[in-house]
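Just the heavy atoms: all of them, side chains too, but no hydrogens, waters or symmetry mates, feed the values below. Numbered from 1 within each chain, the chains take letters A, B, ... in sequence-line order.
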Protein chains: 2
Amino acid sequence: MLVRNFIGSVDPGMRSILSGVDSYAQVLKPGSIISGATIGVVEDSHHPKFAIGDVVSGGFGWTELGVSDGRGLLKLTDRRVPYSCHIGVLGVPGLTAFFGLERIAQLKDNETLLVTSAAGTVGATAGQLAKLRGCHVTGIAGSDDKCSWLKNVCGFDEVINYKTVGDLDMAIAEACSGGIDVLFDNVGNTMIDRVIPRMKVGGRIVVSGQVADYNKAPEDVPGIHNTSAFITHRLRMEGLVVYDDFRDFSRAKEEMIGHIMKGDLHYREHVTEGVANMPEAFISLFTGESFGRRLVQLGDIPEQRQ
Amino acid sequence: MLVRNFIGSVDPGMRSILSGVDSYAQVLKPGSIISGATIGVVEDSHHPKFAIGDVVSGGFGWTELGVSDGRGLLKLTDRRVPYSCHIGVLGVPGLTAFFGLERIAQLKDNETLLVTSAAGTVGATAGQLAKLRGCHVTGIAGSDDKCSWLKNVCGFDEVINYKTVGDLDMAIAEACSGGIDVLFDNVGNTMIDRVIPRMKVGGRIVVSGQVADYNKAPEDVPGIHNTSAFITHRLRMEGLVVYDDFRDFSRAKEEMIGHIMKGDLHYREHVTEGVANMPEAFISLFTGESFGRRLVQLGDIPEQRQ
């Protein structure tokens with residue numbers, strides 16, 4: 001089957017693969033297609049389960065056209081939310097938030113959550129899902145616009161603009177004055193290290209992303225120094241790759257679609273046009289200028305009937 | 001009730017309290033008794049449950065005499081193992097090994113375990129309990145005597161003398177050539193950081209002790225840099241304070257007594273005499289010269305009938 005992608009994504013996690021610091025590195029050579037989630041329409045098919053005109057989500061990467069035997073493709077038949085949701089709030093970022101809270105943090109009602117890089121799709125979704133469980137949620141983001149959206153639209157209890165706040169440690173201590181049960185971190189080592197002294201006994205640290213560290217060699221990463229608190233405060237730190245939860249994706253998506261329909265789960269998209277602009281969109285992920293799920297429109301989006 | 005202690009213990013974990021780096025610090029002033037596990041005999045009692053001559057384990061600290069209302073004291077009636085076991089392999093160190101493997105690592109049969117400071121009671125017990133589950137166990141220790149005991153008496157599969165091995169990273173890679181499921185660490189940050197690249201997907205790091213870091217301020221601790229592996233390798237790192245498991249202590253002790261009686265669980269004690277020598281015994285914990293559970297004999301040990 002031949003698929004013409006109309007939306008592609010750029011993701012910070014690709015940075016370590018491009019740097020060659022992990023085991024996928026050997027796959028990427030000059031001329032390789034950089035991987036990434038896509039949504040497209042089937043243009044030609046010899047596959048019994050996919051017909052011309054079907055809309056599919058997949059992982060064709062930074063490319064307008066893809067050839068597939070159907071493996072890893074999902075037909076998008078749901079018409080309640082726009083197609084783009086399936087690559088954002090219902091895609092890897094939203095599912096990372098969902099399973100980061102459910103499986104890794106094992107979040108309980110009314111706990112205290114601190115989310116970093118909070119205006120990204122992972123962070124904003126994590127914060128809103130926690131709010132739905134009665135949690136006290138603080139978000140750290142890098143602009144007043146982002147902070148305002150988190151507070152006024154997403155319902156975060158406290159927001160901190162790390163670029164203007166001055167003393168970030170003090171701001172975290174004030175926003176989470178009773179201590180933190182769960183740190184949902186998308187930033188990296190330095191952020192985790194500074195938050196550890198504010199964690200409650202039994203606190204959990206979700207290592208969801210490390211956007212500040214992807215560009216650094218391990219020896220240049222400042223490092224986590226406050227490890228004695230792991231004993232005294234019984235802390236747990238764990239990373240996740242959301243694909244491990246694929247058996248539960250439908251349940252999670254169904255729950256999140258329900259929240260979106262009720263107006264309880266908001267998301268933002270930041271759309272760039274054209275495959276040639278994907279590198280620029282990718283680089284912008286690390287400067288903080290993106291606001292919302294960074295997508296690249298690769299072609300016409302098919303009409304979507306309710 | 002008045003208790004005359006005949007065995008006292010010195011523990012590396014006291015170091016952070018003495019340094020004032022954790023929240024217990026305010027309790028310790030000049031003239032305070034340094035805390036620690038003890039075993040003693042009741043000399044006088046107005047307590048209905050304790051009679052003169054009863055042997056009790058408690059936490060009177062670095063002192064020959066203690067007055068108590070009975071809280072926190074446990075009458076030692078078991079005659080199958082020497083009294084001193086209750087402050088070592090069946091006390092906090094042994095229980096830390098037991099629950100570190102069971103609750104924190106959630107060890108499975110036939111996994112690969114790396115234990116640091118392996119000739120200490122925590123490390124040696126952890127390694128032997130893992131061997132009883134068919135695991136491949138490697139221990140790191142600081143002398144040939146210790147390594148020989150771990151291999152020939154405790155049955156460790158591989159041992160590494162970190163003081164003489166030269167390239168420790170290479171030695172770990174060779175001893176655990178298939179990767180490591182569980183790192184049971186009693187040493188600290190630098191050790192954890194160097195082992196992370198050898199961890200398997202789904203690996204667990206038990207933060208059991210930090211003997212190399214207790215003497216350092218957080219900013220002087222080298223830090224954990226390899227945190228990106230927490231995502232790519234789905235690692236989990238968690239600390240424990242074994243008192244959280246007190247409800248399960250009897251079950252754990254009963255199981256470990258069974259292993260001791262069958263000759264499947266070995267332990268060593270390194271006994272110093274006299275309360276005045278406790279500071280020296282304590283300091284020796286950090287130089288590596290202790291070999292086995294470091295105890296201080298404070299008085300005559302009552303005869304123990306089988």
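In this structure, Ile231(A) and Leu240(B) have side chains that are not in contact, with every pair of non-hydrogen atoms separated by 4.5 Å or more.
Heavy-atom contacts from other residues, nucleotides or ligands closer than 6.0 Å to CZ of Phe286(A) number more than 12.
Contacts of Leu235(B) with chain A are made by backbone atoms alone, with heavy-atom separations under 4.5 Å and no side-chain atom involved.
Rounding to the nearest 0.5 Å gives a distance of 11.0 Å between CZ of Arg234(A) and CD of Glu238(B). How far CZ of Phe230(A) is from CD1 of Ile224(B): 6.5 Å, rounded to the nearest 0.5 Å. The structure places CD1 of Ile205(A) at 14.0 Å from CZ of Arg236(B), a figure rounded to the nearest 0.5 Å.
Top candidate by heavy-atom pairs under 4.5 Å with chain B, chosen from Asn189(A), Ile192(A), Ile104(A), is Asn189(A). Of the listed residues (Val221(A), Thr227(A), Asp193(A)), the one with the most heavy-atom contacts under 4.5 Å to chain B is Thr227(A). Annotation: maximal heavy-atom pairing with chain A below 4.5 Å, among Val207(B), Asp213(B), Asp220(B), Asn226(B), occurs at Val207(B).
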